[in-house]
Amino acid sequence: MKLTRAIASMFAAVMLGGLVLLAPAFAAPQNDSSFSALQGVEAQALSVQEMQAISGELNALDIAADLTALAGKLTDGSRLQGAVLKLAAYYATNADKINGVFVKLGICTTSRTGVVCP
């Protein structure tokens, strides 16, 4: 009898705790698609042009060049340098496929070397 009562009490406590944690997630009204993390602050999606201005150029060849430059600044022969060079080679080898994804997302730009996105 005591064991059953203890299990029931434990179950009730777990359920109540879960309810307390989940209640705020369902309390906010879902009247529009805007998001406000702070009271009085409205957030909205950025346009493609705004995202490009903030994030800079996105092109797989530029990423590969930047990774290669970063590897040059690392300790010669380190595991990290080898990993960064391997990643740079991956981006350079698969640039067309990666840039194809960037094009689908609308964020691909011409590389610094003048290579245009597919």
- Item | Transitive ILVMFWY side-chain link Leu85 to Leu74, under 4.5 Å | no
- What heavy-atom pair brings Ala64 and Ala88 nearest, and what distance separates the two atoms? CB-O, 3.5 Å
- With Tyr91 as partner, the option from Asn99, Asn59, Ile63, Thr68 fulfilling side chain to side chain contact (heavy atoms under 4.5 Å, CB included) is Ile63
- Heavy-atom pair with the smallest gap, counting every atom of Ala95 and Ala60: CA-CB, 3.7 Å
- Message: Are more than 12 heavy atoms, taken from residues, nucleotides or ligands other than Tyr90, located less than 6.0 Å from that residue's OH atom?
- Response: no
- Message: Once rounded to the nearest 0.5 Å, what's the spacing between atom OG1 of Thr110 and atom CG of Asp62?
- Response: 9.5 Å
- Query: Quick one: are Gln81 and Asp76 in side-chain contact, heavy atoms under 4.5 Å?
  - Reply: yes
